[in-house]
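A short write-up of the structure that comes next.
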Number of protein chains: 2
Amino acid sequence: MNNKTLKSAELKQTKKRILILSVLEKASSALTAEEIAEITSQDIKMSISTIYRALNALAEKNVVTKTLYQDGKTYYEINNHTHKHTLICTLCNEKVPINTCPLEALEDHLSQETGYTITGHSLEFFGVCPKCSIVKDEK
Amino acid sequence: MNNKTLKSAELKQTKKRILILSVLEKASSALTAEEIAEITSQDIKMSISTIYRALNALAEKNVVTKTLYQDGKTYYEINNHTHKHTLICTLCNEKVPINTCPLEALEDHLSQETGYTITGHSLEFFGVCPKCSIVKDEK
DNA sequence: TTACTTGCAAATGGTTTGCAAAGGG
DNA sequence: CCCTTTGCAAACCATTTGCAAGTAA
């Protein structure tokens, strides 16, 4: 599938790009370039700038999405063209995917009110996961 | 008012901090440290690191909020303890404040489903403002 | 063959920090 | 007077870029 993806994105198929894509496909949440580097290092040695360049190329072709989180890092994930957001534990950094997005109705409303053509949004939730919540109480 | 704010935040009142606060109070949307530097430079010369330190101190005391936007810059605004989000034109960078936030219901739901204590969220909308939309069509 | 891809090291840009001097309570 | 705040320059950290060498089509 990755070779098709790369071909249709008009990008050359290289071992490294194929591997990066397969890592993103297996991931259950968005990953940083650094995390991808760590995972891929078991299979192929590649420079971090190669990873950034591959991810940027893929993001430009809309194969992956690119989002800057509040931790200052950019996260990448396969663009399945469905709306997804994430809930992040501010203590242990665990990430839970969220499948509903209640913002389309608001976007319509906003569009009418401001005259803007709304092209997208970014949304992140923060909280404390049950495990960290227990650890915290014990202190 | 700013002297009271600083006093209750247990921060020393200095000309620079008072000026930064007054700029934030007059602002109609969130500002970056750089923007604050530009505005304040007409009144007082101060180093950019002073601005960052003042903003961080104020953010720690919850006098201002601190949010990293998708443009990679951190924006600061007076924390009025009401929920606010922003709609940003991806072409001219104009920012429109949004007063409704439909996420509380979703947060309750999420909390039940995941066991997380939800402490907050960050949300940004992107679009093209009416003016830029016209310019774009003319091309 | 020819343009695209990669590695490396250096550059970038926003933000933070160490240290010594200045200033508020 | 003591502790906080400030200026300056250097450090930081994630990400990008220039250039020369390697590789897919």
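By convention in this document, chain letters (A, B, ...) are assigned in the order of the sequence lines, proteins followed by strands, and residues within each chain are numbered from 1. Just so it is clear, the model here is predicted, and its values are computed rather than measured.
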Residue whose nearest DNA chain C nucleotide is more 5′ - B/Ile48 or B/Gln13: B/Ile48
Gap between atoms CG and P, on B/Leu6 and D/dT4 respectively (whole Å): 16 Å
Closest nucleotide among D/dG7, C/dC8, C/dG14 to the B/Met46 side chain: D/dG7
Distance, rounded to the nearest Å, where B/Ile36 contributes CD1 and C/dG14 contributes P: 15 Å
Among C/dG25, D/dG18, C/dT16, the nucleotide that comes nearest once only the side chain of B/Lys66 is considered: C/dT16
Distance test, side-chain N/O of B/Tyr52 to OP1/OP2 of C/dT16, below 4.0 Å: no
Pairwise 5' ranking along DNA chain C for B/Lys12 and B/Arg53, keeping only the more 5' one: B/Arg53
Touch class at under 4.0 angstrom, heavy-atom based, for B/Lys15 against every strand present: nothing
A/Tyr69 and A/Tyr75 aromatic ring geometry - parallel, tilted or perpendicular at 30°/60° bounds: parallel
Protein-nucleotide distance (B/Leu68, atom CG; D/dC13, atom C1'), rounded to Å: 13 Å
Nearest listed nucleotide, side chain of B/Asn56, among D/dC3, C/dG7, C/dT16: C/dT16
Nucleotide C/dG14, atom P - distance to CD of B/Gln70 in whole Å: 16 Å
Closest nucleotide among D/dA14, C/dT6, D/dG7 to the A/Lys73 side chain: D/dA14
Distance test, side-chain N/O of A/Thr14 to OP1/OP2 of C/dT6, below 4.0 Å: yes
Between D/dG22 (C1') and A/Ile44 (CD1): distance, integer Å: 15 Å
Whole-Å distance separating the CG atom of B/Asp71 from the C1' atom of D/dT15: 15 Å
From B/Leu55, B/Leu58, B/Asn79, B/Asn56, residue fulfilling side chain to side chain contact (heavy atoms under 4.5 Å, CB included) relative to B/Lys66: B/Asn56
Spacing between B/Glu38 atom CD and C/dG14 atom P, to the nearest angstrom: 13 Å
Donor/acceptor link under 3.5 angstrom from B/Ser49 side chain onto base of D/dC8: yes
Spacing of A/Lys73 atom NZ and B/Leu68 atom CG [to the nearest 0.5 Å]: 12.5 Å
OG on A/Ser122 to CZ on B/Phe126, rounded to 0.5 Å: 4.5 Å
Spacing of B/Glu35 atom CD relative to C/dT15 atom C1', expressed in whole Å: 15 Å
4.5 Å side-chain heavy-atom contact, B/Tyr116 and B/Ser111: no
Sugar-phosphate, base or nothing in reach of A/Thr32, heavy atoms under 4.0 Å: nothing
Sugar-phosphate, base or nothing in reach of A/Glu34, heavy atoms under 4.0 Å: nothing
